[in-house]
Amino acid sequence: MRAFWDARQLAHAPALELHNGAFVPFGEAPVRAEAILAALGPVEAAADHGEAPLRAVHSSGYLAFLRAAHADWRAAGREGDASGYAWPVTRRRPLALDRIDARLGAYSFDASSPIAAGTWEAAYWSAQSALSALGAVLGGARAAFALCRPPGHHAGRDYLGGYCYLNSAAIAAEAGVAAGRRRIAILDVDYHHGNGTQDIFYARGDVLFVSLHADPVLDYPFFWGHADERGEGEGEGATLNLPLPRGADLKAYLPALDIALGRIAAFAPDLLVLSYGADTFAGDPISYFRLETADYAIVARRIASLGVPSVIVMEGGYAVDALGANAASFLEGFG
Ligand code: Q9C
Ligand code: ZN
(Lines give C-alpha, C1' and ligand atoms only; values in the text may rest on other atoms or scores of the structure.)
(Ligands and ions follow the chains in the order given, each with its own letter.)
Protein backbone atom coordinates (compact mmCIF):
# COMPACT_ATOMS: atom_id res chain seq x y z
CA MET A 1 0.00 0.00 0.00
CA ARG A 2 1.27 3.49 -0.81
CA ALA A 3 2.13 5.45 2.33
CA PHE A 4 2.79 9.16 2.85
CA TRP A 5 4.77 11.16 5.38
CA ASP A 6 7.01 14.23 5.78
CA ALA A 7 9.99 14.41 8.14
CA ARG A 8 8.85 17.85 9.33
CA GLN A 9 6.19 15.97 11.30
CA LEU A 10 8.97 15.16 13.78
CA ALA A 11 9.28 18.87 14.67
CA HIS A 12 6.43 18.63 17.21
CA ALA A 13 8.12 17.58 20.44
CA PRO A 14 6.59 19.05 23.61
CA ALA A 15 8.48 18.15 26.77
CA LEU A 16 5.74 17.35 29.26
CA GLU A 17 2.00 16.83 29.56
CA LEU A 18 -0.36 16.93 32.50
CA HIS A 19 -1.38 13.31 33.06
CA ASN A 20 -3.59 12.30 35.98
CA GLY A 21 -2.38 15.19 38.10
CA ALA A 22 1.36 15.02 37.39
CA PHE A 23 3.63 16.30 34.67
CA VAL A 24 5.07 13.35 32.76
CA PRO A 25 7.07 13.07 29.52
CA PHE A 26 4.85 13.89 26.54
CA GLY A 27 3.32 10.61 25.36
CA GLU A 28 2.67 11.40 21.70
CA ALA A 29 6.40 11.54 20.95
CA PRO A 30 8.27 11.64 17.61
CA VAL A 31 9.57 8.13 18.27
CA ARG A 32 6.05 6.86 17.51
CA ALA A 33 6.44 7.89 13.89
CA GLU A 34 9.97 6.51 13.74
CA ALA A 35 8.70 3.15 14.98
CA ILE A 36 6.03 3.00 12.28
CA LEU A 37 8.49 4.09 9.58
CA ALA A 38 10.94 1.38 10.62
CA ALA A 39 8.21 -1.26 10.27
CA LEU A 40 6.81 -0.03 6.95
CA GLY A 41 9.98 0.51 4.94
CA PRO A 42 10.08 3.19 2.26
CA VAL A 43 7.27 5.72 2.22
CA GLU A 44 6.51 8.57 -0.18
CA ALA A 45 7.03 12.26 0.58
CA ALA A 46 3.80 14.15 1.14
CA ALA A 47 3.03 16.84 -1.42
CA ASP A 48 2.08 20.36 -0.33
CA HIS A 49 -1.62 21.00 -1.00
CA GLY A 50 -1.49 24.40 0.69
CA GLU A 51 -3.67 25.89 3.40
CA ALA A 52 -7.02 26.00 1.60
CA PRO A 53 -7.97 22.41 2.60
CA LEU A 54 -7.19 23.31 6.22
CA ARG A 55 -9.41 26.39 6.01
CA ALA A 56 -12.27 24.22 4.72
CA VAL A 57 -12.35 22.51 8.14
CA HIS A 58 -10.85 24.87 10.72
CA SER A 59 -11.86 28.47 11.46
CA SER A 60 -9.49 31.24 10.36
CA GLY A 61 -9.28 32.49 13.95
CA TYR A 62 -8.18 29.07 15.15
CA LEU A 63 -5.60 28.63 12.39
CA ALA A 64 -4.12 32.08 13.06
CA PHE A 65 -3.97 31.25 16.78
CA LEU A 66 -2.32 27.87 16.23
CA ARG A 67 0.29 29.14 13.81
CA ALA A 68 1.40 31.95 16.14
CA ALA A 69 0.72 30.45 19.57
CA HIS A 70 4.21 29.33 20.46
CA ALA A 71 5.84 32.59 19.30
CA ASP A 72 3.13 34.57 21.14
CA TRP A 73 3.81 32.55 24.29
CA ARG A 74 7.53 33.28 24.13
CA ALA A 75 6.84 36.96 23.30
CA ALA A 76 4.84 37.12 26.53
CA GLY A 77 8.02 36.15 28.35
CA ARG A 78 7.16 32.50 28.95
CA GLU A 79 9.48 29.53 28.74
CA GLY A 80 8.79 26.04 27.50
CA ASP A 81 5.68 24.88 25.70
CA ALA A 82 2.42 26.81 25.52
CA SER A 83 -0.60 25.26 27.21
CA GLY A 84 -4.01 26.41 28.30
CA TYR A 85 -4.76 26.70 31.98
CA ALA A 86 -8.02 28.69 32.14
CA TRP A 87 -11.07 27.70 30.07
CA PRO A 88 -14.08 29.87 29.20
CA VAL A 89 -16.91 27.89 30.76
CA THR A 90 -19.02 31.05 30.83
CA ARG A 91 -20.44 32.29 27.53
CA ARG A 92 -22.11 35.37 28.98
CA ARG A 93 -20.06 37.79 26.92
CA PRO A 94 -17.78 37.74 23.88
CA LEU A 95 -14.46 36.25 24.92
CA ALA A 96 -11.58 38.64 25.63
CA LEU A 97 -8.83 37.04 23.61
CA ASP A 98 -6.10 39.67 23.86
CA ARG A 99 -3.74 37.53 25.93
CA ILE A 100 -2.18 34.36 24.53
CA ASP A 101 -3.22 32.73 27.83
CA ALA A 102 -6.86 33.51 27.03
CA ARG A 103 -6.54 32.25 23.46
CA LEU A 104 -4.96 29.00 24.67
CA GLY A 105 -8.01 28.41 26.86
CA ALA A 106 -10.54 29.49 24.25
CA TYR A 107 -9.09 27.25 21.53
CA SER A 108 -8.51 24.06 23.52
CA PHE A 109 -10.38 21.60 25.71
CA ASP A 110 -7.64 19.91 27.71
CA ALA A 111 -4.22 20.41 29.29
CA SER A 112 -2.43 17.48 27.68
CA SER A 113 -1.80 19.08 24.27
CA PRO A 114 1.03 21.61 24.60
CA ILE A 115 2.17 23.75 21.69
CA ALA A 116 5.91 23.57 21.07
CA ALA A 117 8.09 25.47 18.62
CA GLY A 118 7.52 22.92 15.83
CA THR A 119 3.84 22.16 16.44
CA TRP A 120 2.38 24.17 13.57
CA GLU A 121 4.88 22.83 11.04
CA ALA A 122 4.38 19.22 12.15
CA ALA A 123 0.57 19.46 12.24
CA TYR A 124 0.58 21.16 8.83
CA TRP A 125 2.60 18.33 7.28
CA SER A 126 0.54 15.71 9.08
CA ALA A 127 -2.52 17.14 7.31
CA GLN A 128 -0.59 17.25 4.02
CA SER A 129 0.20 13.54 4.43
CA ALA A 130 -3.52 12.82 4.71
CA LEU A 131 -4.22 14.96 1.65
CA SER A 132 -1.50 13.12 -0.25
CA ALA A 133 -3.01 9.75 0.64
CA LEU A 134 -6.36 11.11 -0.53
CA GLY A 135 -4.69 12.13 -3.77
CA ALA A 136 -3.48 8.58 -4.31
CA VAL A 137 -7.00 7.21 -3.75
CA LEU A 138 -8.60 9.83 -6.01
CA GLY A 139 -6.00 8.77 -8.58
CA GLY A 140 -7.26 5.19 -8.47
CA ALA A 141 -5.52 3.47 -5.56
CA ARG A 142 -7.85 1.16 -3.61
CA ALA A 143 -6.31 2.39 -0.36
CA ALA A 144 -3.47 4.60 0.86
CA PHE A 145 -1.95 5.23 4.27
CA ALA A 146 -1.08 8.58 5.82
CA LEU A 147 1.42 8.39 8.67
CA CYS A 148 -0.24 11.27 10.45
CA ARG A 149 1.59 12.45 13.52
CA PRO A 150 0.55 14.50 15.41
CA PRO A 151 -2.84 12.79 15.25
CA GLY A 152 -6.02 14.75 14.54
CA HIS A 153 -9.36 13.24 15.54
CA HIS A 154 -9.77 15.14 18.82
CA ALA A 155 -9.31 18.54 17.12
CA GLY A 156 -12.48 20.39 16.20
CA ARG A 157 -13.17 23.31 13.90
CA ASP A 158 -11.79 25.77 16.44
CA TYR A 159 -10.18 23.74 19.20
CA LEU A 160 -7.22 21.47 19.92
CA GLY A 161 -6.96 18.69 22.49
CA GLY A 162 -6.04 15.05 22.99
CA TYR A 163 -2.63 15.47 21.30
CA CYS A 164 -4.46 16.77 18.20
CA TYR A 165 -4.13 20.19 16.51
CA LEU A 166 -5.36 19.85 12.92
CA ASN A 167 -7.95 17.20 12.12
CA SER A 168 -6.26 15.38 9.23
CA ALA A 169 -9.07 12.85 8.76
CA ALA A 170 -11.67 15.63 8.55
CA ILE A 171 -9.42 17.63 6.22
CA ALA A 172 -9.08 14.62 3.91
CA ALA A 173 -12.84 13.96 4.02
CA GLU A 174 -13.69 17.57 3.24
CA ALA A 175 -11.13 17.60 0.42
CA GLY A 176 -12.81 14.46 -0.89
CA VAL A 177 -16.09 16.38 -1.02
CA ALA A 178 -14.33 19.26 -2.81
CA ALA A 179 -12.99 16.74 -5.33
CA GLY A 180 -16.51 15.53 -6.09
CA ARG A 181 -17.07 12.57 -3.81
CA ARG A 182 -20.71 12.81 -2.78
CA ARG A 183 -21.01 10.43 0.14
CA ILE A 184 -18.13 9.98 2.54
CA ALA A 185 -17.96 7.64 5.50
CA ILE A 186 -15.50 8.18 8.33
CA LEU A 187 -14.82 5.12 10.48
CA ASP A 188 -12.87 5.88 13.65
CA VAL A 189 -11.30 2.86 15.35
CA ASP A 190 -8.95 4.71 17.69
CA TYR A 191 -9.46 3.70 21.35
CA HIS A 192 -10.74 7.19 22.15
CA HIS A 193 -13.84 8.80 20.72
CA GLY A 194 -13.07 11.11 17.79
CA ASN A 195 -14.90 14.07 19.25
CA GLY A 196 -13.38 16.63 16.89
CA THR A 197 -14.36 14.72 13.78
CA GLN A 198 -17.84 14.13 15.17
CA ASP A 199 -18.30 17.83 15.94
CA ILE A 200 -17.06 18.95 12.51
CA PHE A 201 -19.59 16.81 10.65
CA TYR A 202 -22.38 16.64 13.25
CA ALA A 203 -24.93 18.53 11.12
CA ARG A 204 -23.82 17.04 7.79
CA GLY A 205 -25.84 14.44 5.95
CA ASP A 206 -23.20 13.79 3.28
CA VAL A 207 -20.51 12.67 5.74
CA LEU A 208 -21.29 9.67 7.93
CA PHE A 209 -19.27 9.42 11.15
CA VAL A 210 -19.05 6.02 12.84
CA SER A 211 -16.85 5.35 15.88
CA LEU A 212 -15.90 2.38 18.06
CA HIS A 213 -14.27 3.55 21.27
CA ALA A 214 -13.99 3.29 25.03
CA ASP A 215 -17.24 4.21 26.75
CA PRO A 216 -16.84 7.93 27.57
CA VAL A 217 -18.59 7.34 30.87
CA LEU A 218 -15.34 5.61 31.85
CA ASP A 219 -12.62 7.23 29.80
CA TYR A 220 -11.36 10.30 27.96
CA PRO A 221 -12.75 12.45 26.32
CA PHE A 222 -15.75 11.95 28.68
CA PHE A 223 -18.07 14.59 27.20
CA TRP A 224 -18.55 13.15 23.71
CA GLY A 225 -19.08 9.71 22.21
CA HIS A 226 -22.16 8.53 24.05
CA ALA A 227 -24.55 6.29 22.12
CA ASP A 228 -27.33 8.90 22.11
CA GLU A 229 -25.23 11.37 20.07
CA ARG A 230 -26.67 10.74 16.62
CA GLY A 231 -26.17 13.98 14.70
CA GLU A 232 -28.45 16.97 14.21
CA GLY A 233 -30.36 18.76 11.44
CA GLU A 234 -29.41 17.35 8.06
CA GLY A 235 -26.91 15.17 9.92
CA GLU A 236 -29.58 13.53 12.10
CA GLY A 237 -28.74 9.83 12.05
CA ALA A 238 -25.39 10.37 10.28
CA THR A 239 -23.40 9.90 13.50
CA LEU A 240 -23.13 6.43 15.05
CA ASN A 241 -21.30 5.91 18.34
CA LEU A 242 -20.55 2.40 19.54
CA PRO A 243 -19.02 2.70 23.02
CA LEU A 244 -17.40 -0.46 24.37
CA PRO A 245 -16.60 -1.54 27.93
CA ARG A 246 -13.14 -1.68 29.45
CA GLY A 247 -11.28 -4.86 28.63
CA ALA A 248 -12.87 -5.32 25.20
CA ASP A 249 -10.94 -7.99 23.26
CA LEU A 250 -11.37 -9.09 19.65
CA LYS A 251 -14.39 -11.19 20.56
CA ALA A 252 -16.15 -8.16 22.05
CA TYR A 253 -14.87 -5.87 19.30
CA LEU A 254 -15.97 -7.73 16.17
CA PRO A 255 -19.75 -7.62 16.74
CA ALA A 256 -19.56 -3.84 17.17
CA LEU A 257 -17.35 -3.58 14.11
CA ASP A 258 -19.94 -5.53 12.12
CA ILE A 259 -22.66 -3.10 13.21
CA ALA A 260 -20.41 -0.21 12.13
CA LEU A 261 -19.70 -1.81 8.76
CA GLY A 262 -23.38 -2.59 8.22
CA ARG A 263 -24.24 1.06 8.77
CA ILE A 264 -21.49 2.17 6.40
CA ALA A 265 -22.54 -0.30 3.71
CA ALA A 266 -26.13 0.96 3.96
CA PHE A 267 -24.86 4.52 3.48
CA ALA A 268 -23.15 3.41 0.24
CA PRO A 269 -20.18 5.80 0.44
CA ASP A 270 -17.90 6.52 -2.49
CA LEU A 271 -14.97 7.19 -0.14
CA LEU A 272 -13.96 5.86 3.27
CA VAL A 273 -11.70 7.78 5.62
CA LEU A 274 -10.42 5.48 8.33
CA SER A 275 -9.05 6.91 11.56
CA TYR A 276 -6.78 4.11 12.76
CA GLY A 277 -5.50 4.15 16.33
CA ALA A 278 -3.34 1.37 17.71
CA ASP A 279 -4.19 2.37 21.28
CA THR A 280 -6.78 -0.46 21.30
CA PHE A 281 -3.71 -2.72 21.79
CA ALA A 282 -3.61 -4.84 24.96
CA GLY A 283 -0.24 -3.34 25.90
CA ASP A 284 -1.18 0.31 25.43
CA PRO A 285 -0.02 2.31 28.46
CA ILE A 286 -3.04 4.68 28.65
CA SER A 287 -5.87 2.49 27.33
CA TYR A 288 -7.96 -0.51 28.36
CA PHE A 289 -8.87 -2.64 25.34
CA ARG A 290 -7.25 -6.01 24.67
CA LEU A 291 -6.56 -6.28 20.94
CA GLU A 292 -3.41 -8.17 19.93
CA THR A 293 -1.04 -7.47 17.06
CA ALA A 294 -2.49 -10.22 14.84
CA ASP A 295 -6.02 -8.95 15.53
CA TYR A 296 -5.35 -5.77 13.55
CA ALA A 297 -5.05 -7.77 10.34
CA ILE A 298 -8.45 -9.36 11.04
CA VAL A 299 -10.08 -6.01 11.82
CA ALA A 300 -8.53 -4.39 8.73
CA ARG A 301 -9.55 -7.26 6.43
CA ARG A 302 -13.17 -6.87 7.54
CA ILE A 303 -13.11 -3.14 6.91
CA ALA A 304 -11.48 -3.64 3.51
CA SER A 305 -14.25 -6.09 2.59
CA LEU A 306 -16.55 -3.06 2.24
CA GLY A 307 -14.77 -2.54 -1.07
CA VAL A 308 -14.81 1.26 -0.71
CA PRO A 309 -11.71 3.30 -1.73
CA SER A 310 -10.04 4.10 1.58
CA VAL A 311 -7.76 6.75 3.05
CA ILE A 312 -6.20 5.35 6.22
CA VAL A 313 -5.10 8.03 8.66
CA MET A 314 -2.90 7.25 11.67
CA GLU A 315 -4.30 8.44 14.99
CA GLY A 316 -3.17 7.18 18.44
CA GLY A 317 -1.17 4.22 19.79
CA TYR A 318 1.34 4.61 22.60
CA ALA A 319 2.93 1.18 23.10
CA VAL A 320 5.93 2.29 21.06
CA ASP A 321 7.71 -1.08 21.07
CA ALA A 322 4.70 -2.74 19.41
CA LEU A 323 3.47 0.22 17.37
CA GLY A 324 5.32 -0.60 14.17
CA ALA A 325 4.16 -4.22 14.21
CA ASN A 326 0.59 -3.19 15.00
CA ALA A 327 0.40 -0.67 12.16
CA ALA A 328 2.07 -3.11 9.77
CA SER A 329 -0.40 -5.84 10.74
CA PHE A 330 -3.31 -3.51 10.07
CA LEU A 331 -2.02 -2.38 6.68
CA GLU A 332 -1.13 -5.92 5.64
CA GLY A 333 -4.61 -7.10 6.59
CA PHE A 334 -6.16 -4.28 4.60
CA GLY A 335 -4.33 -5.63 1.59
N1 Q9C B 1 -4.88 10.95 32.04
C2 Q9C B 1 -5.19 10.03 20.81
O3 Q9C B 1 -5.13 8.84 20.98
N4 Q9C B 1 -4.68 12.04 27.70
N5 Q9C B 1 -5.24 10.90 21.82
C6 Q9C B 1 -5.68 12.10 28.65
C7 Q9C B 1 -5.61 11.08 30.83
C8 Q9C B 1 -5.12 12.36 26.37
C9 Q9C B 1 -5.22 10.44 23.18
C10 Q9C B 1 -5.08 12.20 29.99
C11 Q9C B 1 -5.26 11.14 25.53
C12 Q9C B 1 -5.47 11.56 24.11
C13 Q9C B 1 -5.14 10.59 19.43
ZN1 ZN C 1 -6.61 7.46 21.05
Side-chain angles (χ1 to χ4, degrees), residues 9 12 14-33 35-36 81 83-85 87 108-115 119 122-123 126-127 129-130 146-156 159-171 186-200 211-225 241-244 246 248 253 273-291 296 299 312-320 322-323 326-327 330:
Q9 292 171 234
H12 171 63
L16 301 169
E17 66 173 296
L18 187 59
H19 177 69
N20 298 350
F23 281 97
V24 302
F26 185 64
E28 199 285 286
V31 66
R32 294 183 60 248
I36 296 170
D81 305 321
S83 178
Y85 61 89
W87 285 272
S108 71
F109 74 92
D110 76 8
S112 55
S113 313
I115 299 172
T119 297
S126 186
S129 289
L147 205 188
C148 291
R149 183 275 155 189
H153 75 150
H154 293 300
Y159 63 79
L160 61 83
Y163 306 152
C164 300
Y165 305 86
L166 297 175
N167 193 318
S168 298
I171 289 166
I186 302 175
L187 174 61
D188 190 321
V189 296
D190 185 275
Y191 172 82
H192 305 94
H193 179 249
N195 59 287
T197 313
Q198 171 173 300
D199 276 353
I200 288 163
S211 180
L212 273 69
H213 50 269
D215 189 337
V217 170
L218 306 173
D219 214 333
Y220 184 95
F222 303 111
F223 312 119
W224 298 261
N241 284 309
L242 299 164
L244 294 168
R246 283 198 171 188
Y253 199 84
V273 176
L274 182 53
S275 274
Y276 167 59
D279 42 10
T280 49
F281 180 56
D284 195 86
I286 64 167
S287 308
Y288 300 92
F289 283 178
R290 309 285 313 167
L291 296 195
Y296 289 115
V299 168
I312 304 172
V313 171
M314 193 71 209
E315 300 283 359
Y318 307 99
V320 175
L323 184 55
N326 288 341
F330 190 89

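For the numbers below, each heavy atom of this structure counts, side chains included, while hydrogens, waters and symmetry mates do not. Counting starts at 1 for both ligands and their atoms, following the listed order.
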Any donor-acceptor pair under 3.5 Å from [X] side chain to [Y] backbone:
X    : Y    : value
S113 : Y163 : yes
Y296 : F281 : yes
N241 : S211 : no
E315 : H192 : no
D81  : P114 : no
R149 : Q9   : yes

Among the N, O or S atoms of [X], which one sits nearest to the Zn ion (ligand 2)?
X    : answer
D190 : OD1
D279 : OD2
H192 : ND1

Note the single closest protein heavy atom to [atom], along with its residue, its atom name and the distance in Å.
atom                    : answer
atom 6 (C) of ligand 1  : Y220 CD1, 3.7 Å
atom 10 (C) of ligand 1 : H19 ND1, 3.8 Å
atom 1 (N) of ligand 1  : N20 OD1, 2.3 Å

How about [X] and [Y]: does a side-chain donor come under 3.5 Å of a side-chain acceptor?
X    : Y    : value
T197 : D188 : no
T119 : H12  : yes
Y159 : D110 : no

Enumerated ligand 1 atoms positioned under 4.0 Å from heavy atoms of [X]:
X    : value
Y318 : 2 (C), 3 (O), 5 (N), 9 (C), 13 (C)
S112 : 4 (N), 8 (C)
P151 : 13 (C)
G162 : 2 (C), 5 (N), 9 (C), 12 (C), 13 (C)

Q. Under a 4.0 Å heavy-atom limit, does E28 contact ligand 1 with its side chain, its backbone, both, or neither?
A. neither
Q | Under-4.0 Å heavy-atom contact with ligand 1, by part of D190 that carries it | A |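 Side chain only.
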Min N/O separation [X] to ligand 1 under 3.5 Å:
X    : result
H192 : yes
H153 : no
D279 : yes

Q | is_close_aromatic(Y220, H193), centroid dist under 6.0 Å | A |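 For Y220 and H193, the ring centres are not under 6.0 Å apart.
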